[in-house]
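Here is the structure we will look at, set down as structure tokens.
Here is the naming used below: chain letters follow the sequence lines, and residue numbers restart at 1 for every chain.
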There are 2 protein chains.
Amino acid sequence: MNYYADLNEDDRSALDGLKYRTEVYESGEEIVTRGDDPGDAFIVSSGWAARYIALEDGRSQILNFMLPGDVYDLQVFVSSGADHSVLALNQVTVMEIKRREILSIFEKKGRAGAAFWWCALQEEAILREQIVRNGRRSARERVAHLLLELHRRALISGEGAGDSFHMPVSQAMLADALGLSFVHINRVLRELEKAGAISRKKGWITLERREHLVELCDFRDDYLHLDANPRRLGFNF
Amino acid sequence: MNYYADLNEDDRSALDGLKYRTEVYESGEEIVTRGDDPGDAFIVSSGWAARYIALEDGRSQILNFMLPGDVYDLQVFVSSGADHSVLALNQVTVMEIKRREILSIFEKKGRAGAAFWWCALQEEAILREQIVRNGRRSARERVAHLLLELHRRALISGEGAGDSFHMPVSQAMLADALGLSFVHINRVLRELEKAGAISRKKGWITLERREHLVELCDFRDDYLHLDANPRRLGFNF
DNA sequence: CGTTAATTTGATCGAAATCAATCAGTGTGG
DNA sequence: CCACACTGATTGATTTCGATCAAATTAACG
């Protein structure tokens with residue numbers, strides 16, 4: 001395990017000492033199903049997943065995407081059944097960690113626990129941004145904003161290179177994330193492509209004119225608090 | 001301070017021993033302004049507030065409403081400037097608690113800390129439901145669903161009586177919460193009223209036919225996890 | 001290479017936005 | 001006590017963005 005940090009030696013060894021079980025899920029598998037009481041927290045170590053809630057009539061809404069390095073369900077302390085599901089978007093490897101293990105990190109002094117806290121904080125910031133994006137932005141703004149967010153996060157997670165990143169997300173999934181129809185998602189993507197703002201190839205997205213996208217949706221580059229808080233957990237395998 | 005709980009005597013006295021400062025905000029005042037590093041966590045003890053994010057062009061989105069008993073910013077451990085603001089919707093009294101105090105609760109053994117954890121969990125559930133509501137529901141469903149949520153929460157917070165509750169929220173605010181125009185909010189409210197589902201009077205809402213509303217938006221009565229987790233903090237003044 | 005899933009495109013429809021007034025309540029200062 | 005201003009609610013007319021319906025085209029894959 002490796003990490004960026006203002007962590008000291010003790011903190012690092014506390015994290016390195018975490019016991020975990022590695023689990024692999026194939027594309028389309030459910031990592032967590034609504035109603036489960038998963039019992040464990042987990043950290044995505046490779047692949048992408050999506051947290052979503054399905055309504056009874058077939059509509060469904062993606063809450064957010066999970067990329068390598070993202071932590072799930074720190075609320076294990078008090079949880080009582082997930083109110084949403086988690087779906088693997090491609091082959092996903094996760095580190096599953098028992099409640100007890102997480103608790104032990106928090107009980108120790110030092111900043112190791114803070115690294116987890118910070119992950120939870122960032123996740124909440126992403127949820128808040130999702131609310132604003134879907135609530136008060138036009139379709140074109142939503143798409144541009146989400147692409148910029150995912151690009152940023154893909155870079156941080158070690159995937160992606162420069163202005164390109166692999167995005168294993170179908171247009172129907174994008175639609176469920178952005179509260180739009182997949183037909184309209186397609187039109188917006190094509191329009192952005194025709195305008196030279198992006199290009200697409202076999203699941204890879206390239207932001208050809210990033211500044212244009214940023215201007216289009218007034219993307220605030222700092223909203224993930226990434227610069228201010230270098231306490232992110234990172235993993236190399 | 002009083003609370004529902006599976007807390008023991010030690011837990012209760014730990015909570016009772018919390019030092020706090022009481023602060024009063026008038027309707028329209030900002031309790032927290034974006035960019036602030038508030039330093040303290042706080043608990044609403046009376047009145048309603050709204051957490052929101054404003055875009056530069058005047059659009060704004062309410063993230064959620066805060067009612068008495070709701071806790072704000074347990075992430076004080078690692079925070080670095082709020083990414084959103086909090087607005088008082090009527091006269092609001094809050095208990096402001098220093099970081100150090102909150103930390104001391106968590107460091108003690110026992111379930112007192114879990115009570116705070118649970119508040120954070122519930123808040124996240126509300127944010128998630130907000131995403132689904134605004135992303136995948138029609139205007140009528142959104143209004144019905146939000147009214148049901150607020151009614152439920154008003155009852156729990158000790159306000160409201162039976163099917164009625166005081167809702168100090170203008171139609172423009174509802175619009176900013178639900179991602180709609182205030183004109184359309186007005187039409188939907190009138191329609192629900194004409195249909196006999198609700199009635200309104202000087203800021204009070206009565207759910208005349210609650211079952212009808214529930215059916216209309218398929219409201220899941222349990223989504224706040226209230227029954228499963230009676231660890232909510234409560235306050236009487 | 002056939003079969004299914006994902007993308008693309010066109011045509012039409014509709015829910016909600018926008019534009020534009022009016023009306024009701026509430027101060028508030030003369 | 002009244003004229004005025006201001007905020008919030010209401011209603012109507014028109015427009016628009018995105019949904020829906022339908023079909024074709026391409027990509028993925030056993």
Side-chain angles (χ1 to χ4, degrees), chain A residues 26-29 50 55 57-62 87-91 133-146 166-195 198-205 216-217, chain B residues 26-29 50 55 57-62 87-90 133-144 146 166-195 198-205 216-217:
Chain A
E26 298 303 320
S27 174
E29 277 189 82
L55 303 184
D57 60 3
R59 290 179 289 184
S60 87
Q61 174 69 46
I62 289 176
L87 180 71
L89 297 178
N90 51 10
Q91 191 187 67
R133 182 165 55 209
N134 291 359
R136 282 301 182 214
R137 305 190 112 110
S138 70
R140 195 189 302 115
E141 290 171 321
R142 289 185 212 185
V143 171
H145 195 277
L146 181 59
H166 178 57
M167 191 175 78
V169 182
S170 72
Q171 293 181 10
M173 291 281 172
L174 286 179
D176 280 340
L178 295 176
L180 297 165
S181 71
F182 70 86
V183 175
H184 201 61
I185 290 285
N186 179 268
R187 288 195 229 273
V188 173
L189 284 175
R190 309 242 65 224
E191 181 205 321
L192 290 176
E193 197 170 33
K194 218 163 289 176
I198 63 170
S199 61
R200 295 172 298 149
K201 199 173 181 183
K202 283 170 30 83
W204 282 77
I205 297 281
L216 189 61
C217 65
Chain B
E26 297 303 320
S27 174
E29 278 189 82
L55 302 184
D57 61 2
R59 290 178 289 184
S60 87
Q61 174 68 48
I62 290 176
L87 179 72
L89 297 179
N90 52 10
R133 183 164 54 209
N134 291 359
R136 282 302 183 212
R137 305 189 112 109
S138 70
R140 195 189 302 116
E141 290 172 321
R142 291 186 210 185
V143 171
L146 181 59
H166 178 59
M167 190 175 79
V169 182
S170 72
Q171 294 181 9
M173 292 280 172
L174 286 180
D176 280 339
L178 295 177
L180 298 165
S181 71
F182 68 86
V183 176
H184 201 60
I185 289 286
N186 179 269
R187 287 196 231 272
V188 172
L189 284 175
R190 308 242 68 222
E191 182 205 319
L192 289 176
E193 196 169 36
K194 218 163 290 174
I198 64 169
S199 61
R200 296 172 298 151
K201 200 173 181 184
K202 282 171 28 83
W204 282 77
I205 297 282
L216 190 60
C217 63

Open item on the list: Across nucleotides 24-30 of chain D, 5' to 3', mark each nucleotide with B, S or - according to how protein heavy atoms within less than 4.0 Å reach it.
Closed with: -------
Task: For Pro168(B) against Leu89(B), the heavy-atom pair lying closest together - done: O-CB, 3.6 Å
- [ ] Figure out the CG/C1' separation between Leu192(B) and dT10(D), and round it to whole Å.
- [x] 16 Å
Open item on the list: Once rounded to the nearest 0.5 Å, what's the spacing between atom CZ of Arg142(A) and atom CD1 of Ile185(A)?
Closed with: 8.5 Å
Task: Glu191(A): salt bridge (Lys or Arg N to Asp or Glu O under 4.0 Å) partners, not counting sequence neighbours - done: Arg140(A)
Open item on the list: If I take atom CD from residue Gln171(B) and atom CG from residue Leu189(B), how far apart are they, to the nearest 0.5 angstrom?
Closed with: 5.0 Å
TODO: Mark yes or no for whether Glu193(A), through its side chain, and Ile198(A), through its backbone, hold a donor-acceptor pair below 3.5 Å.
DONE: no
Task: Straight-line distance of Leu174(A) CG to Leu146(A) CG, nearest 0.5 Å - done: 6.0 Å
Open item on the list: Would the distance check show the side chain of Arg59(A) and the main-chain N or O of Arg136(B) forming a donor-acceptor pair, the cut-off being under 3.5 Å?
Closed with: yes
- [ ] Heavy atoms under 4.0 Å is the rule here; annotate nucleotides 5-19 of chain C 5' to 3' with B where the base is hit, S where only the sugar-phosphate is, and - elsewhere.
- [x] --SBBBB----BSBB
TODO: Report yes or no: does Arg137(A) contribute a side-chain atom to a donor-acceptor pair with the main-chain N or O of Cys217(A) at less than 3.5 Å?
DONE: yes
